[in-house]
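Data block below; observations after.
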Amino acid sequence: MTSEERTIKLEYITRVEGHANVYVRVSDKEVEEVRMQVIETPRFFEAMLKGRKIKDAHTIVSRICGICDFSHTLASVETTENALGMQVSEQTKLLRKLVMYGQHIYSHALHLYLLSLPDYLGFPDAIQMASKYPEEVKRGMRLKKVGNEISRIIGGRATMSISIIPGGFSRLPSKEDLEKINSLLKEGLEDAKKTLELFASLEPPKLFRETPFAAIDSKKENYPLILGDGIKTSDGTYFSKEEFEKKYVEQARDYSYAKFGTIDSKAPMVGALARFNVHGEENLASPTKSLLKSLSISSTLTNRYDNNLAQAIELVDFFYKAKEITEQLLSTGIKEEVPLQLLPKEASGVGVVEAPRGILYHRYSLDKEGRIQSANIVTPTAMNVFSLELDIKQLLSENLNLPESKMVELIEKLIRAYDPCYSCSAHFLKLKIERK
Amino acid sequence: MEKKRVALFSLTDCQGCEFVVLQLGEKLLEVAKEVDFANFRLASSKKEDGPFFISFVDGAVTSSEEVEHLKWIRSNSKYLVALGSCATIGGVNALKNYFTNVNFPKEVYSRDFESFEAKPLSEYVKVDVLIPGCPINLEEFAFVLKALLEDKVPKLKLAPVCEDCKKNGIECVTKKGMFCLGPYTIGGCGAPCPAAGVPCFGCRGPLFNPNVADAEKVLRDRFIHGGVLFTGLGWVLVKGESK
C-alpha cells in the first residue's frame, strides 16, 4: 500500500431509484479497485412468486418497481402468454405498444428533467432549479404528465396498471379516451422537440469504452419495446429469448446485492443508448430523423454520457410513434374484445421487453394447475452494473489528477446518465455464494 | 413565514408512492413555496438533518438498520406519516413472511443474511397518519399534507371500497362471479380496480372491524390455493399465522 493511496466512498447517491454505494480505492498512479455495491434490501420476488397462480403474476411483479412497473407488467403478461401458447389480438398488441410508449415518455421525461438536468445546470434538485429555469422544469412536468396520462387511460392507473392482463385488457379504452391521448400527444410534441434541442446543446463529460450494446430484437418490429424474439448486440451477436439464460452469464459478488452479467464474456450495456446504437437511426420515425439531421446529431453515439441524449431522441421518436398508433386505432375503431382465457397447463415461458432502462427478462415455469413453480427475472439495472463498474474504473484512471470532489461529481453524473433503478436490480439476486 | 421542513424517506419497497408524489407535477412547485423538502433522496441531492415538521416514510421495515433509521426519523419529526401499503401494512413484502415461517429464504438463497418478516412502521414507532394504498392516491396525499401543515391531524375515513363503487356507479364485480375484497377493505381509493373490471385485492388494508375470524378461514384457503391477496387482508392472515 502506498502512502498516497486514497479511498473514495459515495454512500448516499441521490436522484436515482433505489439504494447503491460506490467504493473506490486509488493510488496516485492507478485505480486499485472499484466496487459498485447495490445495497437495496432484497425482496425475494422470485421466491414470493412460488406457488402463486399465474393469473396473479403480473400484479405481483409490477410492485418490483415504482417507475418501470408497466414494463414488468408487460414482460409478465408476455411470459405468461408464451408459456400457455396464447396468441393475443393485433388490437391488444397495438394498445400495449401505445402504453409502453407512454411508460417510456414518462420515465425519460422524469429522468431527463428531474434527475439528470440539475447536474448540468448546477442545482441539487428540480424544485430549486425552477427558481432560475422555471420553463424547463414546467416543460419536464408537462411531458411527464403526457406519459402518465397515457398510462392511466390505457392501464387504468398511472402507477401500477390494472387493466393490462394476460390475454388482453380487462377494460378497453373508449374513442374519447383515444382522442384525449391524441390531443395530449399533439400538444406535447413541441415540448418533446425542445427537450431534444436542449439535451443536444449540453456538453456532457466524455467517456469512451468499447462495450457491446444490447437490446431486444423482434422479427416483426423495428426498434421494438415489446414483442421481443431475442437479443441483438452491437457487435453482431444474436440469440433467441429462449437461450437467454445460457448466453447471459451471471456471477454473484459478495459485496453487492446485484449480480454481474456478461454476454460472450463481455459486460454489456443496455438502455436508450444501446437501443439507439443497436437498431440505428434508420428505425426512427422520419420526422425524428429530420430533426436529428437539423441538430447535427451523429447516427452512432459512443460517449456513455450520451445516454441522456439517446433518451431525448427516443422521447421525440416515441411521441411520433405513439401518435401513429393512436391515429390507427381511431381510424379502425376499438373492437369489443374479451381477454383470452387462461387455460393452465404444465409449461414454461419466457418474455423480453425493453424497460426504459433496457432489457427486462422474465421466465416462469408452471405446474398443471397453473401455479408458478419457479421464476427468474433479470432487470436492466442488474445487466448494467458490471459495465458501470468498468466505466467508473476507466473514468477515474483518465482523471486521477482531479481533486476528489470533482471525481465524485463525475461518477455521480455517470451513474445518473445510466438511469439506474436499484430496487429492480436487487430484487432478484439468487445468492449462491459460498461463505467462508 | 418560515417554510416548514418536510422529508420523504424510503425503506424496503419500490418507491412507487414517491413517484406518485412526483405526479403532483407543476403543483409541486406551488407546494415548494410553503414547504422546504429537506430530505427527498429520490428527487434531490439535499440531505439535511432534522428536525422535520413532517416525515413521510414509505416501505416496510425488514432489517435492524431500517429499525434504527425509522427510530431516528421518529425522534426528529413532529409528524410521521406512513406512506403506502408497505408502510401501513407491510405490503407486497408481507408475502415473504409466509415463506419465512417455513424457513424459505435460507433454502432458496443458500446464503443467510438479515431479512426480518416485513412489518409496517407502526410495529416499531408511533405513526401519526396512515395513507394506505398500493400505490397511494395522490388526492389523499395532498389532503394529508395540507392538513398537517395547518397542524391538524386528519383521520382516515373507515368505509369499504363498496362505497367508492356505489359513488362512482361502478358495476359490482361479484355479479360477474369474481371474488372481491372490496367489502373488507378500507375505501377512499375511488375503486380504480373494479372500475377496470378487476376485483379488489385489499391493497389498502382491512377495515378495523372486519369479521376476521370468518374472513381468515376463507382467505387462508384462497391464499394457499393461489389467490392474490398479497397486501391488505393477506397481511392479517400472515400475521395471524406468524403469531
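Here is the naming used below: chain letters follow the sequence lines, and residue numbers restart at 1 for every chain.
Counting heavy atoms of neighbouring residues, nucleotides and ligands inside a 6.0 Å radius, atom NZ of B/Lys3 exceeds 12 of them. Heavy atoms from other residues, nucleotides or ligands lying under 6.0 Å from NZ of B/Lys176 number more than 12. Environment of CD in A/Glu135: crowded, with over 12 heavy atoms of neighbouring residues, nucleotides or ligands closer than 6.0 Å.
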Worksheet item: Stepwise, does the side chain to side chain donor-acceptor pair (under 3.5 Å) test hold for B/Gln23 with A/Thr159?
Response: CA-CA 10 Å; B/Gln23 282 169 24; A/Thr159 296; 2.9 Å; yes
Item to complete: Any chance you could lay out the side-chain contact (heavy atoms from CB on, under 4.5 Å) test for B/Lys27 and A/Met141, step after step, and finish with the verdict?
Response: CA-CA 9 Å; B/Lys27 279 188 211 139; A/Met141 298 291 196; over 6 Å; no
Discussion item. Between B/Cys14 and A/Met160, is the side-chain contact (heavy atoms from CB on, under 4.5 Å) condition met? List the steps.
Written reply: CA-CA 11 Å; B/Cys14 73; A/Met160 304 302 161; 3.7 Å; yes
Practice prompt. Let me see the working for A/Ile127 and B/Phe40 under side-chain contact (heavy atoms from CB on, under 4.5 Å), right down to the final yes or no.
Written response: CA-CA 11 Å; A/Ile127 294 167; B/Phe40 188 178; 5.6 Å; no
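Heavy atoms of A/Asn148 lying under 4.5 Å from chain B belong exclusively to its side chain. If you measure heavy-atom distances from A/Ile54 to chain B, you find no contacts under 4.5 Å at all. Of the atoms belonging to B/Leu138, not a single heavy atom falls under 4.5 Å from chain A. Interface residue A/Tyr106: only side-chain heavy atoms are found under 4.5 Å from chain B. Residue B/Ala60: no heavy atom, backbone or side chain, is found under 4.5 Å from chain A. The contact between A/Ala158 and chain B is made by backbone and side chain atoms together, counting heavy-atom distances below 4.5 Å. For a residue to count as touching a neighbouring chain, one of its non-hydrogen atoms must lie under 4.5 Å from one of that chain's; by this rule A/Lys138 touches chain B with backbone and side chain alike.
Shown here are the salt bridge (Lys or Arg N to Asp or Glu O under 4.0 Å) partners of A/Glu369, two or more places apart in sequence or in another chain: A/Arg371. Looking at residues two or more places apart in sequence or on another chain, you find a salt bridge (Lys or Arg N to Asp or Glu O under 4.0 Å) between A/Arg152 and A/Glu149.
Note: A/Gln128 CD to B/Asp36 CG = 7.5 Å, rounded to the nearest 0.5 Å. Atom CD1 of A/Ile67 sits about 8.5 Å away from atom CG of B/Leu22, to the nearest 0.5 Å. Annotation: the span from B/Phe201 atom CZ to A/Thr59 atom OG1 amounts to 6.0 Å, rounded to 0.5 Å.
Under the 3.5 Å distance criterion, the side-chain polar atoms of A/Arg63 are matched with a main-chain donor or acceptor of B/Cys134.
For the pair A/Asp69 and B/Phe19, the minimum side-chain heavy-atom distance is 4.5 Å or more.
Nearest heavy-atom pair across B/Ser45 and A/Arg416 is OG-NH2, 4.0 Å. Between A/Arg157 and B/Pro192, the shortest heavy-atom distance links the atoms NH1-CG, 3.7 Å. Summarising the geometry of A/Leu115 relative to B/Ala43, their closest heavy-atom pair is CD2-CA, 4.5 Å, with the distance given to 0.1 Å. Here the closest heavy-atom approach between residue A/Met48 and residue B/Val92 is recorded as SD-O, 3.6 Å.
Heavy-atom pairs under 4.5 Å with chain A peak, among B/Cys17, B/Pro135, B/Ala32, at B/Pro135.
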